[in-house]
There are 2 protein chains.
Amino acid sequence: MEFAEYFPVWNKLTAVQQNRISGGVLSRTVRKGALIHNAGMDCTGLLLVRSGRLRAYILSEEGREITIYRLFERDLCLFSASCVMRSIQFDITVEAETDTDLWIIPADIYKKIMEESAPVANYTNEIMASRFSEVMWLIEQIMWKSLDKRVAAFLLEEASIEGTRQLKITHETVANHLGTHREVITRMLRYFQGENMVKLKRGGIEILDERKLEALNGG
Amino acid sequence: MEFAEYFPVWNKLTAVQQNRISGGVLSRTVRKGALIHNAGMDCTGLLLVRSGRLRAYILSEEGREITIYRLFERDLCLFSASCVMRSIQFDITVEAETDTDLWIIPADIYKKIMEESAPVANYTNEIMASRFSEVMWLIEQIMWKSLDKRVAAFLLEEASIEGTRQLKITHETVANHLGTHREVITRMLRYFQGENMVKLKRGGIEILDERKLEALNGG
């Protein structure tokens, strides 16, 4: 079963536990933009990315968004299965950023195995610690870093993920990642364009001067 | 041993594990204001509060602070023992907000037991999930809530923790909790005073109108 290869503690499971997971896990293909989990859904299950990319974000009452973390190949999303731990007292939304293949591990199956298996519980701990580190990084960004640096960092990250300087991304999308308004991003990008760091195009942003963006981000 | 009473999974440990903890745990009394852990310290150990109150915060390069969470009686601090998990990739500072009695569980002892015991690993998971929920709440506050509401909420929280409307707290302290500058807090508190919500005193803030602060916070 291919799943086993993507689940690092598979060999530490008993045969019974392996069978329980094999029998319960669902394989799904979702299209770019698909909503996989939101606050209204009960407990979707743990999401394990086989290929593609997911984005986890939170929403304000007014509908503003901010990206909390992104999930790439082999990443596991715990918080779409908040019912596995009673202390998870927040809601996230998860959507596909690209066409994505994933496995869904039902929450009740995972919860039962985690309760009896120290390796699975410790694996879960490491995943949570890793997300925690990303969220602490985000707080530092929001608190201590000005928006021009955050926009520069985001454009560089996008270019690195997509492997191109031609970003097919709207100002709205940038705003939703960074938790701000579209108008604010448009103003910032126009300033970047004035400084010859980017070129704004129909339906996208071209990075012209990576080093200048890096200097801004690091400065 | 009194420690056992404060450690919820004590009865799920083997006799050998219980002895290892009993033999390693340190009992400490620290004074108000004492620094218990910071980024420069290697791995202080897990802190279990017997009585008193701790504050965990992060620092910017310029020395600005923001409170991440507070720890009360029976709370356990994991992140002062970041060496127990390799995925903990951030640093916090922990100081005593009041005179505090605590136990320090050495990180290596805890780590070894967590690796072999599913109940301890799951207990650790619940603690991390609970801190994660506090941090997500903090992000929502920072992102979507204006500062007047956050100051009102903080004053009400202080009054509730201390059991008095006479808060012995400086503007600097409020600023350090909320991640802003003292001048900004002073301006806000003067506005609150103008609205008859608080009275500013030498070395403190008196809450005059709890309901008005609650309305501001909730509104």
Side-chain angles (χ1 to χ4, degrees), chain A residues 9 12 56-69 78-79 81-92 110-145 178-181, chain B residues 9 12 56-69 78-79 81-92 110-145 178-181:
Chain A
V9 285
K12 297 195 174 151
Y57 59 96
I58 53 172
L59 273 166
S60 76
E61 282 169 23
E62 293 81 33
R64 281 171 66 195
E65 304 181 358
I66 182 168
T67 300
I68 297 297
Y69 51 81
L78 283 178
F79 299 124
S82 58
C83 55
V84 300
M85 273 176 250
R86 69 172 181 283
S87 306
I88 301 177
Q89 299 288 344
F90 58 91
D91 288 310
I92 55 161
Y110 194 88
K111 185 181 163 80
K112 194 154 184 298
I113 292 174
M114 183 174 75
E115 278 165 3
E116 60 193 35
S117 160
V120 173
N122 280 295
Y123 168 62
T124 312
N125 258 323
E126 286 289 349
I127 287 167
M128 199 163 11
S130 167
R131 299 292 167 265
F132 208 118
S133 301
E134 292 181 87
V135 168
M136 291 300 288
W137 178 87
L138 178 62
I139 289 186
E140 290 180 358
Q141 299 289 308
I142 300 169
M143 289 304 300
W144 324 127
K145 219 163 163 183
L178 301 180
T180 185
H181 295 282
Chain B
V9 285
K12 297 196 174 150
Y57 59 95
I58 54 171
L59 274 165
S60 76
E61 283 169 23
E62 293 81 31
R64 281 172 67 195
E65 303 180 359
I66 182 167
T67 300
I68 297 298
Y69 52 81
L78 283 178
F79 300 124
S82 56
C83 54
V84 300
M85 273 175 250
R86 68 171 182 283
S87 305
I88 301 178
Q89 299 288 344
F90 57 92
D91 288 310
I92 55 160
Y110 193 88
K111 184 181 164 79
K112 194 154 184 300
I113 292 174
M114 183 174 76
E115 278 165 2
E116 61 193 34
S117 160
V120 173
N122 280 295
Y123 168 62
T124 312
N125 259 324
E126 286 289 349
I127 287 168
M128 199 162 11
S130 166
R131 300 292 168 265
F132 208 119
S133 301
E134 291 181 87
V135 167
M136 292 300 289
W137 178 88
L138 178 61
I139 289 186
E140 290 180 359
Q141 298 290 306
I142 300 169
M143 289 304 301
W144 325 127
K145 218 163 162 181
L178 301 179
T180 185
H181 295 283

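Only a predicted model underlies this, so the values are computations on that prediction, with no experimental measurement involved.
With a threshold of 4.5 angstrom between heavy atoms, B:I68 approaches chain A through side-chain atoms but not through N, CA, C or O. Of the two parts of B:I88, the backbone and the side chain both hold a non-hydrogen atom closer than 4.5 Å to a non-hydrogen atom of chain A. B:E116 touches chain A through its backbone: at least one of N, CA, C or O sits under 4.5 Å from a heavy atom, while the side chain does not. With a 4.5 Å cut-off on non-hydrogen atoms, A:I113 does not touch chain B at all. Residue contact with chain A, scored on non-hydrogen atoms closer than 4.5 Å, involves the side chain of B:L138 exclusively. Heavy atoms of B:L59 lying under 4.5 Å from chain A belong exclusively to its backbone.
Within the 3.5 Å criterion, the main-chain N or O of B:S130 finds no donor-acceptor partner in the side chain of A:S87. Between the side chain of A:N125 and the backbone N or O of B:A121, at least one donor-acceptor pair lies under 3.5 Å.
The choice from B:R64, B:E126, B:R131, B:E140 that makes the most heavy-atom pairs within less than 4.5 Å of chain A is B:E126. Between chain A and the residues B:E134, B:M114, B:E62, B:M85, the largest count of heavy-atom pairs under 4.5 Å involves B:M85.
In B:K112, the NZ atom is not crowded: 12 or fewer heavy atoms of neighbouring residues, nucleotides or ligands sit closer than 6.0 Å. Atom NZ of B:K145 sits in a crowded spot, with more than 12 heavy atoms from other residues, nucleotides or ligands closer than 6.0 Å.
Legend: residues meeting ring-ring contact (aromatic ring centres under 6.0 Å, His included) with A:Y110, ordered by chain and number and at least two apart, are absent.
The side-chain heavy atoms of B:M143 and A:I58, taken from C-beta on, include no pair separated by under 4.5 Å.
The two atoms that bring B:A118 and A:S117 nearest to each other are CB-C, 3.9 Å, heavy atoms only. In terms of heavy atoms, A:W144 sits closest to B:S60 at CD2-CB, 3.3 Å.
Aromatic ring pairs are classed by plane angle as parallel below 30°, tilted from 30° to 60° and perpendicular above 60°; the pair B:F132 and A:F132 is perpendicular.
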